[in-house]
Amino acid sequence: MSDDPKPFRLLPRLDDTNEYFWTSGAEGVLRFLRCQDCGTWIHPWSPRCPSCLSKNLAPEAVAGDATVHAFTINHQPWIPGLDPPYVIAIVELPEQTGLRLTTGIVGIEPDAVQIGMKVRVVFDNYEDVWLPFFAPAA
Ligand SMILES: [Zn+2]
């Protein structure tokens, strides 16, 4: 829609390996692939469990909490319509050490973001994709 007030986003192309990730926000949850044999969470997608090599994998919901592991404040207008400054972060989920996601931090001034900050997933829906962002936990 031409009067859509949302900023322009580059959207992922959905396929069998990533649809669970990009569409789970429709139900308000974040899902990662999980090994059904040993319980290891897997991100990004892999055809086999890196821990036990099982192919018995299925998407499962996580709680939606995370901690800011690293971040950078982007000041460059790389993408027309996506106005800087904005925060690009790597967040780690409490479900498993090393289960990390590159995302954006929203709902806070970029200068106020800190490593170790508790954040929670929020979704922004574009077409058939729900982009997961993280905002400061209440
Ligand atoms: Zn496994």
Side-chain angles (χ1 to χ4, degrees):
M1 280 180 272
S2 60
D3 59 351
D4 191 336
K6 290 180 178 182
F8 173 81
R9 299 288 190 190
L10 292 174
L11 298 178
R13 185 182 298 269
L14 298 184
D15 62 34
D16 289 346
T17 69
N18 67 19
E19 187 173 358
Y20 70 89
F21 182 80
W22 296 114
T23 62
S24 286
E27 299 156 51
V29 296
L30 186 61
R31 285 190 177 90
F32 289 91
L33 208 56
R34 192 175 195 189
C35 178
Q36 302 300 294
D37 291 334
C38 78
T40 297
W41 296 94
I42 301 159
H43 183 78
W45 183 88
S46 170
R48 284 180 180 271
C49 173
S51 297
C52 74
L53 303 182
S54 171
K55 287 182 170 180
N56 185 17
L57 314 178
E60 285 190 24
V62 293
D65 300 309
T67 301
V68 175
H69 177 77
F71 72 95
T72 185
I73 301 174
N74 179 59
H75 293 281
Q76 299 297 322
W78 298 113
I79 303 171
L82 185 56
D83 295 331
Y86 55 87
V87 177
I88 301 166
I90 297 172
V91 300
E92 181 161 300
L93 285 77
E95 278 80 2
Q96 178 176 297
T97 299
L99 182 64
R100 293 172 186 167
L101 179 65
T102 301
T103 183
I105 304 296
V106 298
I108 182 173
E109 289 298 317
D111 288 342
V113 175
Q114 295 182 333
I115 289 174
M117 174 179 283
K118 301 294 184 189
V119 289
R120 184 161 179 80
V121 72
V122 293
F123 294 97
D124 209 353
N125 174 222
Y126 292 82
E127 301 173 13
D128 53 356
V129 167
W130 278 257
L131 298 176
F133 295 97
F134 283 77

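Thr67 is not listed as a side-chain neighbour of Val119, based on a closest heavy-atom distance of 4.5 Å or more. Taking the side chain as every heavy atom from C-beta outward, Pro94 and Asp65 approach each other to under 4.5 Å. Between Arg13 and Asp15 there is no side-chain heavy-atom pair separated by less than 4.5 Å. Between Trp41 and Val62 the shortest side-chain heavy-atom distance falls below 4.5 Å. Between Glu60 and Leu33, every side-chain heavy-atom pair lies at or beyond the 4.5 Å cut-off.
Residues Phe32 and Leu99 come closest through the heavy atom pair CD2-CD1, 4.2 Å. In plain terms, the two heavy atoms of Pro110 and Ile73 that are nearest each other are O-CD1, 3.5 Å. Taking each heavy atom of Ala63 and Glu95 in turn, the nearest pair found is N-OE2, 2.8 Å. Contact between Pro136 and Gly107 at its shortest, heavy atoms only, is CD-O, 4.0 Å. Looking at every heavy atom in both residues, Val91 comes nearest to Phe134 through CG2-CE1, 3.9 Å. For the residue pair Arg31 and Ser24, the shortest heavy atom distance occurs at NH1-OG, 3.0 Å.
Rounding to the nearest 0.5 Å gives a distance of 10.5 Å between CG of Asn125 and OG1 of Thr23. Of the inter-residue distances, the one linking Gln96 atom CD with Thr40 atom OG1 reads 5.5 Å to the nearest 0.5 angstrom.
Ser54 and Asn56 share no side-chain donor-acceptor pair at under 3.5 Å. Residues His69 and Arg100 have side chains that bring a donor and an acceptor to within less than 3.5 angstrom of each other. Between the side chains of Tyr20 and Asn18, no donor-acceptor pair of N or O atoms lies under 3.5 Å.
Under the 4.5 Å side-chain heavy-atom criterion for Ile, Leu, Val, Met, Phe, Trp and Tyr, Val29 and Ile42 are members of distinct hydrophobic clusters. There is a path of hydrophobic side-chain contacts, each under 4.5 Å, that joins Val87 to Phe123. If you chain together hydrophobic residues whose side chains sit under 4.5 Å apart, Ile90 and Tyr86 never meet in one group.
For CG of Asp16, the number of neighbouring non-hydrogen atoms (other residues, nucleotides, ligands) closer than 6.0 Å is 12 at most.
Remark: aromatic rings of Phe21 and His43 are close, center separation under 6.0 Å.
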